Number of protein chains: 2
Amino acid sequence: MKGTTMAPIAQCPDCRRLNEVLSRVGDRWSVLIVASLSQYGTLRFNELKRNLGISQRMLSLTLRDLERDGLVSRTYYPTIPPKVEYALTPLGDSFREPVEVLAVWGLENLKAIDAARAQYDDAAEKDVKSA
Amino acid sequence: MKGTTMAPIAQCPDCRRLNEVLSRVGDRWSVLIVASLSQYGTLRFNELKRNLGISQRMLSLTLRDLERDGLVSRTYYPTIPPKVEYALTPLGDSFREPVEVLAVWGLENLKAIDAARAQYDDAAEKDVKSA
DNA sequence: CGGCATCCGCATGGATACTG
DNA sequence: CAGTATCCATGCGGATGCCG
């Protein structure tokens, strides 16, 4: 979702903007990392890894992008063993609201989606049988 | 982003929920289609296609999923040539808020992201030169 | 511990051609 | 017009191994 080349969006004014947003922080891991950090404040690499069930590869890649985009700060302690702490920057913190709104929406509407899906699948199955 | 198998998320209570939400409506096209319909009310297949610069394939696939999940309604007029209208259901309409919040966030923060990114890249380039 | 490098399967998603 | 079917490139994302 992040690095996909896109045909230019002709119309739909703020679709363009949405498209931009999604290109930057629209992938699953970015959202989940921000959500995690927003809950726990500061987390280390492996804490995030365990928390999210993400692979090291995707975690380091996504964290680097988030740091590059100014959403996450990275603090390195050259101790032995080394220690790295990740936290939200003010910009990253501002992203909490959209994430929070999305989470609330999910809480209220996920069951409705499941119901609609089940109903749709039932109807589809009947179509098959009647054919 | 939709059909990816996921390692179970151990901690982070509402990360689980976010994960669910993202699995259903977290992909680029779903969001953009809802955004489009929320602006124009009702759109035909090719209108959406032109609007978003999406391929027929992804449009029909995504629309089917959105219909299955109860976010979008599909009305077929068996005229010649045929005519199909897509619109938001009440459930789909409820999704406008998260999308809207995200769009507003983008309006306010995209430039900051670009700036942070440029700064990060500059710093990285200097590191290369000094090496 | 906190990564990076590599390999690789598989889904995503575009382009094209064809149908009703 | 509104799709479906097929082919194919890209790259996401997981698994493994190694290094500071």
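Because the structure is a prediction, the values reported are computed rather than measured. Order of the sequence lines fixes the chain letters, A, B, ..., with proteins taken first and strands second; residue numbering starts at 1 for each chain. Reckoned from all heavy atoms, side chains included, excluding hydrogens, waters and symmetry mates.
- Applying the side chain to side chain donor-acceptor pair (under 3.5 Å) rule to B/S94 yields the partners A/W105; only residues at least two apart in sequence or on another chain are considered.
- Atom CZ in A/R28 sits roughly 14 Å away from atom P in C/dA11 (whole-Å rounding).
- Whole-Å rounding puts the A/I80 CD1 to C/dG3 P distance at 16 Å.
- One can place OH of A/Y77 at 13 Å from P of C/dG3, the figure rounded to the nearest angstrom.
- Checking side-chain atoms of B/T62 against main-chain N and O of B/L59 turns up no donor-acceptor pair under 3.5 Å.
- Distance A/L59 CG to C/dC4 P: 10 Å, rounded to the nearest Å.
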Q) Can you give the dot-bracket line for DNA chain D, where a pair is Watson-Crick or G-U wobble with both atom distances under 3.5 Å, crossing pairs use [ ], and | marks a partner on another strand? A) |||||||||||||||||||.

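- For the atom pair CG (B/L22) and CG (A/L32), the distance works out to 6.0 Å, reported to the nearest 0.5 Å.
- The minimum heavy-atom distance between B/Y120 and A/R68, with the atom names listed, is CD2-CG, 3.4 Å.
- Under 4.0 Å is where a charged nitrogen must lie from a carboxylate oxygen, and between A/R16 and A/E20 no such pair does.
- Note on A/D114 versus A/R117: no salt bridge recorded, every NZ/NE/NH1/NH2 to OD/OE distance being 4.0 Å or above.
- Atom CG of A/D27 and atom P of D/dG11 are 15 Å apart (whole Å).
- What separates CG of A/L48 from C1' of C/dG2 is a distance of 12 Å, to the nearest Å.
- Sequence order on DNA chain C of the closest nucleotides to A/P81 and B/S55 puts A/P81 first from the 5' end.
- Summarising the geometry, the separation between CG on A/D65 and P on D/dG11 is reported as 14 Å, rounded to the nearest angstrom.
- In this structure, the side chain of B/S36 does not engage the main chain of B/I33 through any donor-acceptor pair within 3.5 Å.
- The backbone N or O of A/G26 lies less than 3.5 Å from no partner atom in the side chain of A/S30, so there is not a single donor-acceptor pair.
- The separation between A/K49 atom NZ and D/dG14 atom P is 10 Å, rounded to whole Å.
- In terms of modelled atom types and a separation under 3.5 Å, the side chain of B/T89 and the main chain of B/G70 share a donor-acceptor contact.
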(Q) Return a single string for nucleotides 2-9 of chain D, one symbol per nucleotide in 5' to 3' order, where B is base contact, S is sugar-phosphate-only contact and - is none, cutoff 4.0 angstrom on heavy atoms. (A) SSS-B---

